[in-house]
Amino acid sequence: QVRLVESGGGLVQPGGSLRLSCSASGFTLGNYAVGWFRQAPGREREGVSCSSVSVGTIFYSDAMKGRFTISRDSAVNTVYLQMNSLKPEDSAIYYCVAAGKSCYYNQDEYDYWGQGTAVTVSS
């Protein structure tokens, strides 16, 4: 079965860091563009980051540039999101996503979604 499972969320103080993990099963993550979306209560889902190995591109939302880093470990079929200098407005459920080859800003273009991991940034 194709599945994406996120982990690593939790409560962190403003200015702190977290690393989210997304483990893939049922398919080879390296053959897909992978990334992250997030959604806070009462807000629309928004793109965070995406990486396409085949196309050779990495994208970050403007709100995350310089603070977040997306990476992969193909040996364990896992993608990561390192989040630094976290702000209260970063609080959301973070979803791991995968598309065919290219990264997309439209969430409807992604074929696979995880169930999400919650991140709360608060003092």
Side-chain angles (χ1 to χ4, degrees):
Q1 294 182 350
V2 175
R3 193 166 73 136
L4 297 171
V5 180
E6 304 94 335
S7 62
L11 175 64
V12 64
Q13 293 186 342
S17 299
L18 285 174
R19 189 182 75 162
L20 306 184
S21 298
C22 173
S23 297
S25 61
F27 67 102
T28 301
L29 198 57
N31 295 332
Y32 290 80
V34 299
W36 296 85
F37 278 75
R38 71 183 185 185
Q39 187 170 26
R43 297 182 61 186
E44 295 184 356
R45 191 173 296 165
E46 63 178 340
V48 175
S49 182
C50 183
S51 171
S52 174
V53 174
S54 59
V55 177
T57 56
I58 298 177
F59 297 98
Y60 296 98
S61 171
D62 288 341
M64 271 66 79
K65 288 181 179 178
R67 300 189 299 121
F68 291 10
T69 303
I70 189 170
S71 62
R72 301 190 194 197
D73 187 344
S74 297
V76 293
N77 215 28
T78 301
V79 62
Y80 305 97
L81 183 69
Q82 178 67 45
M83 306 186 296
N84 299 324
S85 301
L86 284 164
K87 305 173 182 179
E89 51 263 42
D90 294 319
S91 298
I93 298 176
Y94 285 73
Y95 298 91
C96 179
V97 299
K101 291 289 184 181
S102 301
C103 290
Y104 301 94
Y105 291 103
N106 188 344
Q107 62 181 322
D108 294 334
E109 299 290 344
Y110 289 88
D111 302 304
Y112 306 110
W113 288 73
Q115 292 184 309
T117 184
V119 173
T120 302
V121 184
S122 179
S123 298

*Asks:* Which one of Leu4, Val79, Thr78, Leu29 satisfies the side chain to side chain contact (heavy atoms under 4.5 Å, CB included) criterion with Ser23?
*Replies:* Thr78
*Asks:* For Pro14 and Ser122, work out which heavy atoms get closest and say how close.
*Replies:* CD-C, 3.6 Å
*Asks:* If hydrophobic clusters are built from ILVMFWY residues whose side chains come within less than 4.5 Å, do Ile93 and Val121 share one?
*Replies:* no
*Asks:* Do Trp36 and Glu6 come close enough that some side-chain heavy atom pair is under 4.5 Å?
*Replies:* yes
*Asks:* Side chains of Cys22 and Tyr80, heavy atoms from C-beta outward: is any pair under 4.5 Å?
*Replies:* no
*Asks:* Show the nearest heavy-atom pair for residues Ala33 and Ser102, with the distance to one decimal.
*Replies:* CB-O, 3.3 Å
*Asks:* Same cluster or not: are Phe59 and Tyr95 linked, directly or through other Ile, Leu, Val, Met, Phe, Trp or Tyr residues, by side-chain heavy atoms under 4.5 angstrom apart?
*Replies:* no
*Asks:* Tell me whether Glu89 at atom CD has more than 12 heavy atoms from other residues, nucleotides or ligands lying less than 6.0 Å away.
*Replies:* yes
*Asks:* Nearest 0.5 Å, what's the OG-CZ distance between Ser91 and Arg43?
*Replies:* 10.0 Å
*Asks:* With a 6.0 Å cut-off (strictly less than), is the heavy-atom count around CZ of Arg45, excluding the residue itself, greater than 12?
*Replies:* yes
*Asks:* Calculate, to the nearest 0.5 Å, the distance between atoms CE and CZ belonging to Met83 and Arg19 respectively.
*Replies:* 11.5 Å
*Asks:* For a quick test of reading the model, state the closest non-hydrogen atom pair linking Ala92 to Ala40 and the distance between them.
*Replies:* CB-N, 3.8 Å
*Asks:* Which value, rounded to the nearest 0.5 Å, describes the distance between Leu20 atom CG and Gln82 atom CD?
*Replies:* 8.5 Å
*Asks:* Can you say whether the rings of Tyr94 and Phe68 are parallel (under 30°), tilted (30 to 60°) or perpendicular (over 60°)?
*Replies:* tilted
*Asks:* Could you tell me whether the side chain of Ser51 reaches within less than 4.5 Å of the side chain of Arg72, counting heavy atoms only?
*Replies:* yes
*Asks:* Check the hydrophobic clustering (I, L, V, M, F, W, Y; side-chain heavy atoms under 4.5 Å; chains of links allowed) and say if Leu86 and Val48 are grouped together.
*Replies:* yes
*Asks:* Would you indicate whether the side-chain heavy atoms of Thr117 and Ser7 approach each other to under 4.5 Å?
*Replies:* no
*Asks:* In this structure, would Tyr104 and Tyr112 fall into the same cluster of hydrophobic residues linked by side-chain contacts under 4.5 Å?
*Replies:* no
*Asks:* At their closest point, which heavy atom of Ala98 faces which heavy atom of Tyr32, and how far apart are they?
*Replies:* CB-CB, 4.2 Å
*Asks:* Taking atom CD of Glu46 and atom CE of Met64, what is their separation to the nearest 0.5 Å?
*Replies:* 5.0 Å
*Asks:* Tell me the closest heavy-atom pair linking Asn84 and Ser17, and the distance in Å.
*Replies:* OD1-OG, 2.9 Å
*Asks:* Anything under 30° is parallel, anything over 60° is perpendicular, the rest tilted; go ahead and classify Phe37 against Trp113.
*Replies:* tilted
*Asks:* Should Val119 and Arg38 count as side-chain neighbours, where that means a heavy-atom distance under 4.5 Å?
*Replies:* no
*Asks:* Report the distance from atom CD1 of Ile70 to atom SG of Cys50, rounding to the nearest 0.5 Å.
*Replies:* 6.5 Å
*Asks:* Would you call Lys87 and Asp90 a salt bridge, using N to O less than 4.0 angstrom?
*Replies:* no
